[in-house]
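Beneath this line is the structure, given in structure tokens, with notes to follow.
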Amino acid sequence: MNNHSETGNSGDISAYSSADTIPGWNKELDLAFSAYRGSYTPGRVASRHKTVCEVLIPGAVVQAGISGALQRIGKQPVVGDFVVLLDQPELGSRVVVNILPRRTCFSRGAAGDGGGEQVIAANLDTIFIVTSVGKDLNLRRLERYLAVVYSSGANPVILLNKIDLADDPARLVEKIQSIAGNVPVVSLSALSEIGLDTLSPYLKPGETVALIGSSGVGKSTIINALLGEAVQKTAGIREDDQKGRHTTTVRQLFLLPNGAVLIDNPGIREIQLGDSSEGLEKAFSEIVDAARDCKFKDCTHRDEPGCAVLKAVEDGLIPEERLDSYHRLTEELIFQTKKAEIGLKRLEKEKHREIAVNIKKYKKFTGKP
Ligand SMILES: Nc1nc2c(ncn2[C@@H]2O[C@H](COP(=O)(O)OP(=O)(O)OP(=O)(O)O)[C@@H](O)[C@H]2O)c(=O)[nH]1
Ligand SMILES: [Mg+2]
Ligand SMILES: [Zn+2]
């Protein structure tokens with residue numbers, strides 16, 4: 001069915017062409033889509049560019065614009081979204097006219113002082129948080145990732161890549177496990193193809209897995225290894241600082257032969273917490289559990305008498321660095337929330353000003369007082 005492929009030049013397209021359904025499609029989506037008839041078809045966003053999306057439809061990948069109505073209400077289709085397409089054969093084009101309900105939603109706090117969140121991928125079942133042996137391995141950063149991933153609704157799994165470079169990978173896994181709670185930690189080497197099989201429980205047909213992490217940790221190399229072909233470009237680390245070069249620049253969806261979906265992401269420099277209070281609670285569940293026995297309901301676990309968390313630290317049950325981390329991230333979250341509120345207020349003020357100006361213009365135009 002290769003002749004159905006209409007766009008794209010990347011090596012992954014052929015992988016789609018054998019698909020006769022949309023990977024990840026389920027009964028709920030069927031129900032949501034049943035409201036549409038006639039010239040509407042369902043699809044899944046494979047990659048997103050400024051004004052167009054590449055959309056996976058049964059047996060092909062097509063390009064589609066984004067309807068003006070969607071843009072006006074600020075609804076942005078993202079990679080992984082299941083969408084409703086309107087065929088316009090007379091114009092020879094398709095447009096995304098709606099986004100079907102998202103099962104999970106991975107966002108990050110948007111840059112800039114307006115606060116708010118930016119959804120970057122949708123309908124993910126699992127998120128592989130990828131780190132690698134060497135300088136990238138940082139427990140504090142992993143805690144932050146865990147909080148953000150938990151708040152997306154997807155299940156986190158931590159991947160320690162490049163174990164071919166480690167003397168004692170088991171010790172590193174143990175170190176990571178100490179902050180990961182029940183989150184699985186998988187060690188592997190994508191380059192030497194060690195440990196790739198351990199990922200199969202997360203790569204079931206119809207399941208969607210996204211890979212996130214710093215640039216250069218090997219996300220694209222893992223995708224290539226799992227697909228068994230070099231669909232994604234990968235690149236060397238600069239010798240001097242071990243920082244990656246941001247080789248992947250576009251977020252993109254790939255299909256495994258068994259029908260599982262992989263999403264490669266550009267490297268993340270620093271992940272903002274955004275609206276992750278629930279995620280933070282999950283990422284620090286041992287602190288939240290201990291806090292149930294604090295004397296005061298609003299205990300901040302800093303210096304209050306009868307604080308069960310401080311007691312657990314004293315008794316060596318919770319490492320002090322964990323509590324420090326929890327405090328730091330909680331403060332950051334409070335700061336982010338305040339910033340977002342200020343941003344919202346300012347937006348509202350601007351809107352009022354705009355309305356007042358429009359009323360003035362209208363009065364001038366009609367001559368009404
Ligand atoms: N030694 C070793 N090197 C690896 C391994 N996996 C990846 N690399 C190398 O690490 C470098 C970066 O890999 P990429 O896959 O491009 O990293 P990435 O995470 O996709 O980076 P961005 O696209 O920039 O976010 C490449 O030179 C890979 O060959 C591994 O298991 N062991
Ligand atoms: Mg990459
Ligand atoms: Zn306390």
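Counting from 1, the numbers follow the sequence of the chain as shown. Please read all numbers here as calculations on a predicted model, not as lab measurements.
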Query raised in the report: Can Arg103 and Thr208 be counted as having a side-chain donor-acceptor contact under 3.5 angstrom?
Result: no
Query raised in the report: Do the side chain of Ser192 and the main chain of Ile194 share a donor and acceptor less than 3.5 angstrom apart?
Result: no
Query raised in the report: Does Arg251 offer a backbone N or O that forms a donor-acceptor pair with the side chain of Asn265 under 3.5 Å?
Result: no
Query raised in the report: Between Tyr40 and Tyr36, what is the ring plane arrangement, given parallel below 30°, perpendicular above 60°, and tilted in between?
Result: perpendicular
**Report entry** Sidechain N-carboxylate O distance under 4.0 Å for Asp136, Arg141
**Finding:** yes
Query raised in the report: If you measure from the Lys or Arg side-chain nitrogens to the Asp or Glu carboxylate oxygens, is any gap between Glu286 and Arg322 under 4.0 Å?
Result: yes
Query - Residue pair Arg328, Glu331: steps toward the salt bridge (charged side-chain N to carboxylate O under 4.0 Å, His left out) verdict - result: CA-CA 5 Å; Arg328 204 165 336 112; Glu331 269 166 27; over 6 Å; no
Report task. Say whether Glu278 and Ser151, considering side chains only, have a donor N or O and an acceptor N or O under 3.5 Å apart. Result -> no
Give every donor-acceptor pair under 3.5 Å between a side-chain atom in residues 312-321 and any protein atom, sequence neighbours left out.
residue : atom : partner : partner atom : Å
Asp315  : OD2  : Lys311  : NZ           : 2.7

Query raised in the report: Taking 4.0 angstrom as the limit, do Lys219 and Asp264 come out as a salt bridge?
Result: no
Query raised in the report: Would you call Glu207 and Lys204 a salt bridge, using N to O less than 4.0 angstrom?
Result: no
Requested in this report: Could you tell me whether Arg144 and Glu332 have a side-chain N and a carboxylate O separated by less than 4.0 Å?
Outcome: yes
**Report entry** Val97, Val96, Leu85 screened by side chain to side chain contact (heavy atoms under 4.5 Å, CB included) with Ser67, the one that passes
**Finding:** Val97
Query raised in the report: So do the side chains of Ser214 and Arg269 get within less than 4.5 Å of each other, counting heavy atoms only?
Result: no
Report task. Any chance you could measure Asn138, atom CG, to Thr131, atom OG1, to the nearest 0.5 Å? Result -> 8.0 Å
Requested in this report: Report the residue from Val119, Ile66, Ile99 that forms a side chain to side chain contact (heavy atoms under 4.5 Å, CB included) with Lys75.
Outcome: Ile99
**Report entry** Polar side-chain atom of Glu270 near backbone of Ile268 as donor-acceptor pair, under 3.5 Å
**Finding:** no
**Report entry** Geometric class of the Tyr326/His301 ring pair [parallel <30°, tilted 30-60°, perpendicular >60°]
**Finding:** tilted
Report task. Kindly indicate, with the supporting measurements, whether the criterion side chain to side chain donor-acceptor pair (under 3.5 Å) is fulfilled by Ser93 and Gln88. Result -> CA-CA 5 Å; Ser93 69; Gln88 299 171 308; 3.2 Å; yes
